[in-house]
Amino acid sequence: MAVQISPSILSADFARLADEAARVPNADWLHVDVMDNHFVPNLTIGLPVVEALLKATSTPIDCHLMIEDPDRWAPAYAEVGAGSVTIHAEAAKAPVRTLRQIRAAGARSGFALNPSTAVEQYEDLLPEIDMLLLMTVEPGFGGQKFLDVVLPKIRRARELIARYGGEVWLQVDGGVAADTIERCAEAGADVFVAGSAVYGAADPSAAIDHLRELATA
Ligand code: DX5
Ligand code: ZN
C-alpha cells in the first residue's frame, strides 16, 4: 500500500492557484473541494476553475464534489481531465451509473461517506469504486478538528476492501495533520488529504514530506 498525499487547495490562496500548485511539487494529487452551498454550507469553486487549474499544473487533480446533484455534474469533471472524481453517497441518486460514467470518461471513481454514514451498506459497490473517501470531519470547511469517532470505520472499511480483494484506495479527509495522520494510517488509510496542515505551513512541500514520513512509518 503506497502512501499518497493530496493537499487541499481549500487552504491555499484562491487568487494565486497556479503558484500554490507549484509550491507542492511532491504532492501525489491536488485535492479540489467543490462546494455548492446546498450539500454543505459553503460555496467554493466549480468546473471552470478546475479546467484552468488543469492547464496550470501537471499534478493530477483529485476532485471532491460536495454538491447536491453529483449525478449531473460528476462526469463533466472527468471529461475535462480530472484524474479522480469523488461523489458523496448522501447526495448521489444513481451512484452506480455515475461511478461508471466517471470511469468511462477516463477518471478514477471516488465514493465519499460523511462521518455518520455507515460503510457496510456499500460493500457490494466496491467493484465500482477506485477510491473510498471517509470524511474525518463534517464536510464544508477546512481547519476543523479531526473526528476520532471515524477511526473504527476506517478499520472496518479496510477489512471490507481486503475481503473484496480488489484494489480500492482508502482516503481520509478532514483534520489530517502531523498529530492525527499516524492513527489514520494505522487504521488502514492510504491516501491522505491535508489542507491547513500543508498550506498553513511555512513550507508546504516540507509539510508533505513530513506527513508522508509519519504515514509510512
Ligand atoms: C472539508 C474538505 C477538506 C478540507 C480539509 O470539507 O473536504 O478537503 O480542505 O481541510 P483540513 O485538512 O484543514 O481539515
Ligand atoms: Zn475534501
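Every value quoted in this text rests on a predicted model; they were computed, and no experiment measured them.
- Without hydrogens or angle criteria, Ser109 side chain to Asp130 main chain gives a donor-acceptor distance under 3.5 Å.
- Taken together through direct or relayed side-chain contacts under 4.5 Å among Ile, Leu, Val, Met, Phe, Trp and Tyr, Ile9 and Ile208 form part of one hydrophobic cluster.
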### Task
Apply salt bridge (Lys or Arg N to Asp or Glu O under 4.0 Å) to the pair Asp19 and Arg16, showing each step before the final yes or no.
CA-CA 6 Å; Asp19 300 336; Arg16 301 170 44 252; 3.6 Å; yes
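- The nearest pair of heavy atoms linking Pro95 to Leu125 is CB-CD2, 4.4 Å.
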### Query
Going through the checks in order, is the salt bridge (Lys or Arg N to Asp or Glu O under 4.0 Å) test met by Asp71 and Arg97?
CA-CA 8 Å; Asp71 302 295; Arg97 183 178 64 212; 5.2 Å; no
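- Atom CG of Leu211 is separated from atom CD1 of Ile181 by 4.5 Å, given to the nearest 0.5 angstrom.
- Judged by distance alone, with hydrogens and angles left aside, the side-chain atoms of Lys153 form no donor-acceptor pair with the main-chain N or O of Val119 at under 3.5 Å.
- Val198 and Leu30 end up in the same hydrophobic cluster when Ile, Leu, Val, Met, Phe, Trp and Tyr side chains are linked at under 4.5 Å.
- In this structure, a donor-acceptor pair under 3.5 Å is absent between the side chains of Asp62 and His64.
- Across every non-hydrogen atom of Pro127 and Arg103, the tightest pair is O-NH1, 2.9 Å.
- Judged by distance alone, the side chain of Thr57 and the main-chain N or O of Leu53 form no donor-acceptor pair under 3.5 Å.
- Under the 3.5 Å distance criterion, with hydrogens and angles disregarded, a donor-acceptor pair is assigned to the side chains of Glu90 and Thr117.
- Shown are Leu160, Val191, Leu134; of these, the side-chain contact (heavy atoms from CB on, under 4.5 Å) with Leu170 is made only by Leu134.
- The shortest non-hydrogen separation linking Ala107 to Ser84 is CB-N, 4.3 Å.
- Not a single donor-acceptor pair under 3.5 Å links the side chain of Thr59 to the backbone N or O of Ala27.
- When atom types are taken as modelled, the side chain of Asn42 and the backbone of Phe141 share no donor-acceptor pair closer than 3.5 angstrom.
- Between Leu151 and Phe146, the closest side-chain pair of non-hydrogen atoms falls below 4.5 Å.
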### Task
Could you walk me through whether Gln4 and Asp190 pass the side chain to side chain contact (heavy atoms under 4.5 Å, CB included) test, one step at a time?
CA-CA 6 Å; Gln4 300 185 74; Asp190 55 0; over 6 Å; no
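- With hydrogens and angles ignored, the 3.5 Å screen pairs no side-chain donor or acceptor of Glu182 with any backbone N or O of Asp179.
- For the atom pair CG (Asp173) and OG1 (Thr136), the distance works out to 6.0 Å, reported to the nearest 0.5 Å.
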### Message
One pair to check against side chain to side chain contact (heavy atoms under 4.5 Å, CB included): Val193 and His31. What are the steps and the verdict?
### Response
CA-CA 7 Å; Val193 177; His31 184 85; 3.5 Å; yes
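- Counting non-hydrogen atoms of other residues, nucleotides and ligands closer than 6.0 Å to CZ of Arg155 gives a total above 12.
- Linking ILVMFWY residues whenever their side-chain heavy atoms come closer than 4.5 Å, directly or via other members, places Val85 and Met35 in the same cluster.
- Each of Val40, Thr44, Ile87 was scored for a side-chain contact (heavy atoms from CB on, under 4.5 Å) with Met66, with one residue passing: Val40.
- Relative to the ring axis of Trp169, Arg108 places its NZ or CZ within 45° and under 6.0 Å from the centre.
- Side-chain atoms of Ser8 do not come within 3.5 Å of backbone N or O of Gly195 as any donor-acceptor pair.
- Looking at Tyr164, its side chain never comes within 3.5 Å of a backbone N or O of Glu123 through a donor-acceptor pair.
- Contact detail for Asp28 and Ile5: the closest heavy-atom pair is OD2-N, 2.8 Å.
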### Query
Going through the distances and angles, do Ile67 and Asp69 end up as a side chain to side chain contact (heavy atoms under 4.5 Å, CB included)?
CA-CA 6 Å; Ile67 61 176; Asp69 197 358; 5.8 Å; no
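- Of all heavy-atom pairs between Pro139 and Pro115, the closest is CD-CD, 4.4 Å.
- The OG atom of Ser6 sits 8.0 Å away from atom CH2 of Trp29, with the distance rounded to the nearest 0.5 Å.
- How far CG of Leu43 is from CG of Asp36: 7.5 Å, rounded to the nearest 0.5 Å.
- Phe111 has its side chain within reach of Leu99: a pair of non-hydrogen atoms, C-beta onward, lies under 4.5 Å apart.
- Ion pair Arg23/Glu20 flagged as a salt bridge, since at least one NZ, NE, NH1 or NH2 atom sits closer than 4.0 Å to an Asp/Glu carboxylate oxygen.
- Side-chain atoms of Arg212 come within 3.5 Å of backbone atoms of Asn26 as a donor-acceptor pair (strictly under, hydrogens ignored).
- Contact between Ala105 and Pro75 at its shortest, heavy atoms only, is CB-O, 4.3 Å.
- Hydrophobic clustering, with ILVMFWY side chains joined whenever heavy atoms are under 4.5 angstrom apart, groups Ile129 together with Tyr77.
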### Pair His88-Asn114, side chain to side chain contact (heavy atoms under 4.5 Å, CB included): steps then yes or no
CA-CA 8 Å; His88 263 266; Asn114 283 341; 3.1 Å; yes
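- Distance check, rounded to the nearest 0.5 Å: CD of Gln171 to CD1 of Ile154 gives 11.5 Å.
- Transitive grouping of hydrophobic side chains (ILVMFWY, heavy atoms separated by less than 4.5 Å) brings Leu113 and Ile161 into a common cluster.
- Side-chain atoms of Thr86 do not come within 3.5 Å of backbone N or O of Ala112 as any donor-acceptor pair.
- One distance of note links CZ of Phe14 with CD1 of Ile45; it measures 5.0 Å at 0.5 Å rounding.
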